[in-house]
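A short worksheet on the structure shown next.
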Amino acid sequence: MKLHHLHPWDISTSQARELQKELAGSVSTVPALPDKVRYLAGLDISPADASGVVRGAAVVLEYPSLEPVEVKTAGGKPPFPYIPGLLSFRESPVLLEALEQLETHPDVIYIDGQGLAHPRRFGLACHIGLLTRTPTIGCAKSILVGSHHELPPSAGAHSRLEHKGEEVGAAVRTRDKVRPMYVSPGHLIDIDTSIEWVLASCRGRRMPEPTRKAHEAADRAHRSQIGS
DNA sequence: GCGACAG
DNA sequence: ATCTTGTCGC
Ligand SMILES: [Mg+2]
C-alpha cells in the first residue's frame with residue numbers, strides 16, 4: 001500500500017490533527033457492523049535482537065472468516081528506546097516498511113497501542129492511519145493515559161476511557177474474566193465503531209485476531225534470523 | 001520535585 | 001518489552 005508521508009516526523013502533531021479532521025470530512029469512514037468490510041490488517045513488532053534490530057509484521061485477514069491472506073515483514077533498528085508517549089516515532093519506520101509491501105489494501109488496521117488515548121491525542125494508531133490514509137483502531141493491552149469505571153466480568157462489557165474530561169476511548173472486556181483491552185480511534189473511525197470491530201475480531205480470545213497474527217509473524221521473523 | 005508511563 | 005516453569009483456575 002502507498003504512503004502519503006515517509007515518517008511521523010514529516011508533519012507536526014498539531015498539523016497532523018488538523019489534516020486528520022479534514023480527511024474525516026471527505027473520506028468514508030469504517031462502516032458499523034456488518035457492512036462491507038472484507039480485509040482486516042494487524043501490525044506488530046518484535047523485541048530487539050542482540051544487534052538492536054526489530055522485526056515488524058503486517059498481516060491481512062479476510063473478514064468474517066479471519067483467515068490470513070497475506071503476511072509481510074520488515075526489519076530495522078529503531079531510532080531510540082521506548083519512551084512513553086513517543087512510541088510512534090520508535091515503531092513507525094519498521095511498521096510502515098512492512099505495510100508498504102502489502103498488496104491488499106485493508107479496510108481497517110488494528111494497532112498494538114493507543115490512538116486518541118494519548119497525552120497529545122495522537123498515538124501510534126493515528127500516525128499509521130494518517131500516513132496510509134486508512135482507518136485504524138488502537139487496541140492496547142494497558143493504559144497510557146486516562147481512567148474508567150470498573151466493568152462487568154463478561155465478554156462484551158465496556159466502559160468509556162476518559163482523560164482530562166475528554167472521552168478518548170474505552171476499556172473493553174474482549175473475553176470473560178480477563179483484563180480489558182484499551183480501545184481508541186486511530187483514523188477515520190469513532191469510539192463505538194472501534195469497540196464493535198474489536199469485539200468482532202476476538203474469536204473468544206483477549207487479543208483481536210489481526211494483532212495476534214501480526215505478533216506471531218513478527219516473533220517468527222525475530223527468531224528465524226536469531227537463535228532463541 | 002515526584003510519580004505515572006502504549007511497547 | 002523482558003526476567004521465567006510449573007501450576008492454578010475457568
Ligand atoms: Mg507490540
Side-chain angles (χ1 to χ4, degrees), chain A residues 8 13 16 42-58 73-99 109-130 136-148 152-157 161-164 166 168-187 191 194 198 202-208 210-223 226-228:
Chain A
T13 302
L43 286 184
D44 197 18
I45 212 168
S46 76
D49 63 20
S51 52
V53 170
V54 302
R55 302 279 158 181
T73 61
K77 298 178 186 176
F80 50 83
Y82 168 70
I83 301 171
L86 300 183
L87 188 67
S88 297
F89 303 93
R90 170 178 169 77
E91 294 201 347
S92 286
V94 168
L95 294 179
L96 291 169
E97 223 177 281
L99 260 185
I109 305 172
Y110 289 69
I111 303 291
D112 182 29
Q114 315 289 348
L116 229 207
H118 177 275
R120 297 175 67 184
R121 305 287 178 265
F122 216 80
L124 178 59
C126 303
H127 281 281
I128 297 293
L130 186 61
T136 54
I137 298 171
C139 187
K141 299 178 289 298
S142 61
I143 291 175
L144 175 59
V145 294
S147 60
H148 61 89
S154 57
L161 184 63
E162 295 178 25
H163 183 233
K164 295 186 171 179
E166 297 178 331
V168 295
V172 181
R173 191 91 65 190
T174 51
R175 172 187 179 160
D176 285 352
K177 298 169 197 169
V178 299
R179 285 175 300 142
M181 296 294 292
Y182 300 93
V183 176
S184 61
H187 192 56
I191 296 176
S194 298
V198 164
C202 280
R203 292 213 296 205
R205 296 188 243 233
R206 181 176 181 238
M207 303 272 292
T211 303
R212 269 185 100 262
K213 283 285 180 290
H215 188 85
E216 288 175 1
D219 192 45
R220 281 195 304 272
H222 175 57
R223 69 180 64 188
I226 317 303
S228 185

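Quick caveat: nothing in here was measured; it's all calculated off a predicted structure. The analysis underlying the following values was restricted to heavy atoms, covering all of them including side chains, and did not include hydrogens, waters or symmetry mates.
- A/E91 places none of its side-chain heavy atoms less than 4.5 Å from the side chain of A/Y82.
- On the nucleic acid side, DNA chain B has its first and last nucleotide under 4.0 Å of a heavy atom of chain A at B/dC5 to B/dG7, going 5' to 3'.
- Between the side chain of A/R55 and the main chain of A/I45, no donor-acceptor pair closer than 3.5 Å is present.
- Contact of the A/C126 side chain with the A/T136 side chain is not registered, since no non-hydrogen atoms from C-beta on lie closer than 4.5 Å.
- Contact annotation for A/L43: no contact, since no heavy-atom pair falls under 4.0 Å across all strands.
- Considering every non-hydrogen atom in both A/Y182 and A/H148, the closest pair reads CE2-NE2, 3.5 Å.
- Side chain of A/R175 to main chain of A/R205: no donor-acceptor pair is present (N/O by atom type, distance under 3.5 Å, no hydrogens or angles).
- In this structure, the side chains of A/V145 and A/P119 come closer than 4.5 Å at one or more pairs of heavy atoms.
- Looking at A/L87 and A/L144, their side chains never come closer than 4.5 Å, going by heavy atoms from C-beta outward.
- Here A/L124 lies in heavy-atom contact (under 4.0 Å) with a base.
- The environment of A/R179 atom CZ is sparse: at most 12 non-hydrogen atoms of other residues, nucleotides or ligands sit within 6.0 angstrom.
- Proximity of a side-chain donor or acceptor of A/H222 to a complementary backbone N or O of A/V54 within less than 3.5 Å is not detected.
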Response to the item:
Per-residue pairing states of DNA chain C in dot-bracket (Watson-Crick or G-U under 3.5 Å; . unpaired, | other strand) read ..........
Enumerate the protein-to-nucleotides 8-10 of chain C contacts in which both atoms are nitrogen or oxygen and the separation is below 3.5 Å.
from   : atom 1 : to     : atom 2 : distance (Å)
C/dC10 : O3'    : A/K177 : NZ     : 3.3

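- For A/D44, the salt bridge (Lys or Arg N to Asp or Glu O under 4.0 Å) criterion is met by no residue, not counting sequence neighbours.
- Applying a 4.0 Å cut-off to non-hydrogen atoms, the residues of residues 114-121 of chain A that approach DNA chain B are A/Q114, A/H118, listed by residue number.
- At the heavy-atom level, A/G85 lies under 4.0 Å from base atoms of the strands shown.
- In terms of modelled atom types and a separation under 3.5 Å, the side chain of A/R173 and the main chain of A/V178 share a donor-acceptor contact.
- Panel note: side chain A/E166, backbone A/A117; no donor-acceptor pair is recorded below 3.5 Å.
- With pairs defined as Watson-Crick or G-U wobble and both atom distances under 3.5 Å, not a single stem of at least three pairs touches DNA chain B.
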